[in-house]
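Worksheet: the structure to be examined is printed underneath.
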Amino acid sequence: MALPVTTRAAPAMPFAPQPRTAGGGLLRRPSPPAAALRIAPPLFWPWQKVKVGPLSVSPMGFGTWAWGNQLLWGYQESMDTELQECFNLALKNGINLFDTADSYGTGRLNGQSERLLGKFIREYEGPMKSPDDVIIATKFAAYPWRLTSGQFVSACKSSLERLQLDRLGIGQLHWSTANYAPLQERALWDGLVEMYEKGLVRAVGVSNYGPKQLLKIHSHLSSRGVPLSSAQVQFSLLSMGDEQMELKTVCDSLGIRLIAYSPLGLGMLTGKYTTSNLPSGPRSVLFRQILPGLESLLTCLKRIAERKGKTMSQVAINWCICKGTIPIPGVKTVRHVEDNLGALGWRLSPAEVSELEAAAMESPKRMVQNIFQTA
């Protein structure tokens with residue numbers, strides 16, 4: 001900006017004036033520590049981004065299930081300022097994938113997660129060339145009244161209105177209706193095709209699909225010239241059964257990227273909870289059933305975390321990355337973001353991966369799978 005004509009800039013000085021002692025000698029300042037002179041490297045380099053169809057995304061994303069959910073996660077609108085800080089901190093550290101859904105948010109807050117993400121994108125003060133720099137992956141619920149492809153496209157347009165975006169990064173079918181309404185399933189698949197052809201989404205994906213049903217939708221979309229880019233499923237050290245691993249194998253063979261939701265087992269793998277210190281709300285019932293059998297796994301997580309100078313959460317998330325998935329841990333505080341970011345920039349050794357999996361196999365009970373997950 002040009003200076004006003006009435007203002008004269010001070011003459012430039014070739015050297016900054018040096019501080020001196022009372023006797024006139026130069027005052028020597030202590031040299032900064034070597035660490036202060038180094039520029040910290042990014043958590044991951046651009047070439048370490050992961051391909052999801054045509055998109056390049058960070059090796060880890062963040063889930064926003066809690067952003068609007070009062071029942072399970074205790075959301076209050078007073079949390080929005082810190083949620084904006086969470087979003088800003090994530091972007092500044094290279095995270096560009098945020099997962100949401102049109103059903104996230106309880107009661108009158110239905111769709112709140114999408115509205116908040118749209119607001120945070122608009123109000124972000126850091127460098128952003130375009131809204132496409134942020135990859136929003138939205139899931140569209142297979143509600144029983146969404147019976148036609150056109151209704152599914154309308155659901156996508158409603159999400160775009162809440163987000164105030166022209167197009168989504170990934171449009172996802174939230175769950176399959178194959179087990180109870182197979183005729184509806186085909187209409188929803190065609191809805192994915194239409195929203196892709198209309199340019200409303202840059203890529204399409206599914207959620208809670210098992211390997212057999214995944215093969216079917218992949219074949220159907222391929223016949224319409226639409227690539228299936230992602231498959232989202234519960235995947236963690238508490239959810240690594242034969243079906244999950246078979247799904248991962250199918251994804252790898254078809255070039256589909258597996259997105260791992262609940263990589264911390266709803267918090268059970270953080271080390272924060274015990275049988276005498278359970279979370280409030282509905283999670284406590286599940287924790288009471290599973291936590292007593294997790295001693296071996298939690299001990300192993302803690303041992304490796306101490307060896308690596310990491311937290312148990314960071315080790316559990318890194319295991320998901322080592323398995324070739326994109327984990328999307330949920331965040332609702334800045335502390336969550338800071339902790340989860342520590343899962344990037346390093347890798348567990350193959351021996352440590354095997355050690356964790358062996359400990360996980362000793363657990364008598366695993367995470368309950370989503371009721372909508374198909375075979």
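Starting from 1, each residue takes its place in the sequence as its number.
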Inset, instruction - Measure from the side-chain N and O atoms of Thr270 to the backbone N and O of Gly267, and report whether any donor-acceptor pair falls under 3.5 Å. - result: yes

Inset, instruction - Heavy atoms only: give me the nearest Thr325-Ala260 pair and the separation to one decimal. - result: OG1-CB, 3.6 Å

Legend entry - Trace of the side chain to side chain donor-acceptor pair (under 3.5 Å) decision for Thr138 with Gln172: CA-CA 6 Å; Thr138 293; Gln172 306 165 98; over 6 Å; no

Inset, instruction - Would you kindly confirm whether Trp189 and Leu147 end up in one hydrophobic cluster when ILVMFWY residues are joined by side chain heavy atoms under 4.5 Å apart? - result: no

Inset, instruction - If a pair satisfies salt bridge (Lys or Arg N to Asp or Glu O under 4.0 Å) and one of its residues is in residues 308-330, list it, with sequence neighbours excluded. - result: Lys308-Glu352, Lys323-Glu357

Inset, instruction - Looking only at non-hydrogen atoms, find the nearest pair between Leu298 and Met312 and report the distance. - result: O-CE, 3.5 Å

Inset, instruction - Report yes if the side chains of Lys216 and Glu185 come closer than 4.5 Å at any heavy-atom pair, otherwise no. - result: no

Legend entry - Residue among Phe62, Trp67, Phe98 satisfying ring pair (Phe, Tyr, Trp, His ring centres under 6.0 Å) with Phe87: Phe98

Legend entry - Minimum heavy-atom distance between Leu269 and Pro263, given as atom pair plus value: CD1-O, 3.7 Å

Inset, instruction - Return yes if a side-chain donor-acceptor contact under 3.5 Å exists between Thr100 and Ser113, otherwise no. - result: yes

Legend entry - Hydrophobic cluster of Val285, others only, ordered by chain and residue number, side-chain cut-off 4.5 Å: none

Inset, instruction - Answer yes or no: does atom CG of Asp242 have more than 12 heavy-atom neighbours from other residues, nucleotides or ligands under 6.0 Å? - result: no

Legend entry - Greater than 12 external heavy atoms within 6.0 Å of Asp133's CG: yes

Inset, instruction - Report the residues that fulfil ring-ring contact (aromatic ring centres under 6.0 Å, His included) with Phe140, sequence neighbours left out, ordered by chain and then residue number. - result: Phe152

Inset, instruction - Start with the C-alpha gap between Gln232 and Tyr209, add the side-chain angles, then the distance that decides, and say whether side chain to side chain donor-acceptor pair (under 3.5 Å) holds. - result: CA-CA 8 Å; Gln232 185 178 147; Tyr209 268 60; over 6 Å; no

Inset, instruction - Kindly give the heavy-atom pair with the smallest separation between Phe120 and Asp80, and that separation in Å. - result: CZ-O, 3.6 Å

Legend entry - Short side-chain donor-acceptor distance under 3.5 Å, Gln151 and Tyr143: no

Inset, instruction - Compare all side-chain heavy atoms of Ile95 with those of Leu91 and state whether any distance is below 4.5 angstrom. - result: no

Inset, instruction - Determine which pairs satisfy salt bridge (Lys or Arg N to Asp or Glu O under 4.0 Å) with at least one residue from residues 250-262, sequence neighbours left out, and list them in order. - result: Lys248-Asp252

Inset, instruction - Supply the members, apart from Leu55, of the Ile/Leu/Val/Met/Phe/Trp/Tyr cluster built from side-chain contacts under 4.5 Å; use none for a lone residue. - result: Val50, Val52, Val57, Leu97, Ile135, Ile170, Ile259, Tyr261, Ile326, Ile328

Inset, instruction - Starting from Leu183, walk the hydrophobic network (Ile, Leu, Val, Met, Phe, Trp, Tyr; side-chain heavy atoms closer than 4.5 Å) and list everyone else you reach, by chain and number. - result: none

Inset, instruction - Sequence neighbours left out, what pairs pass side chain to side chain donor-acceptor pair (under 3.5 Å) with at least one residue falling in residues 336-346? - result: Thr311-Asp339, Gln314-Asp339, Thr333-His336

Inset, instruction - Grab the two heavy atoms, one from His174 and one from Asn208, that are nearest each other, plus how far apart they are. - result: O-ND2, 3.1 Å

Inset, instruction - Taking side chain to side chain donor-acceptor pair (under 3.5 Å) as the test, write out the residues that go with Asn110, two or more places apart. - result: none

Legend entry - ring-ring contact (aromatic ring centres under 6.0 Å, His included) partners of residues 279-329, not counting sequence neighbours, each pair once: Phe235-Trp319, Tyr273-Phe287

Inset, instruction - Of all the heavy-atom pairs spanning Ala90 and Val337, show the shortest one and how long it is. - result: N-CG1, 4.2 Å

Inset, instruction - Could you check if a side-chain atom of Leu43 sits within less than 4.5 angstrom of a side-chain atom of Leu341, using non-hydrogen atoms only? - result: yes

Inset, instruction - Look at the side chain of Ser158 and the backbone N and O of Ser154, then say whether any donor-acceptor pair between them is shorter than 3.5 Å. - result: yes

Inset, instruction - Sequence neighbours left out, what pairs pass side chain to side chain donor-acceptor pair (under 3.5 Å) with at least one residue falling in residues 283-300? - result: Ser296-Glu362

Output a table of donor-acceptor pairs, distance under 3.5 Å, between side-chain atoms of residues 193-202 and any protein atom two or more places apart or on a different chain; print 'none' if there are none.
| unit_1 | atom_1 | unit_2 | atom_2 | d |
| --- | --- | --- | --- | --- |
| Glu194 | OE2 | Ser149 | OG | 2.6 |
| Arg202 | NH1 | Asp132 | O | 3.3 |

Legend entry - Side-chain ion pair, Lys157 and Glu161, N-O less than 4.0 Å: no

Legend entry - Pair listing, salt bridge (Lys or Arg N to Asp or Glu O under 4.0 Å) test, anchored in residues 102-115, at least two apart: Glu77-Arg108, Asp102-Arg146, Glu114-Arg162

Inset, instruction - Please answer whether the main-chain N or O of Gly118 pairs with a side-chain N or O of Arg122 as donor and acceptor at a distance below 3.5 Å. - result: yes

Inset, instruction - Would you indicate whether Met361, at its atom CE, is surrounded by more than 12 heavy atoms from other residues, nucleotides or ligands within a distance under 6.0 Å? - result: no

Inset, instruction - Could you tell me whether Glu355 and Arg303 make a salt bridge, using a distance below 4.0 angstrom between a side-chain N and a carboxylate O? - result: yes

Inset, instruction - In sequence, state the C-alpha distance, the side-chain angles, and the governing distance for Asn88 and Gln84, and then conclude on side chain to side chain donor-acceptor pair (under 3.5 Å). - result: CA-CA 6 Å; Asn88 294 349; Gln84 171 86 70; 3.0 Å; yes

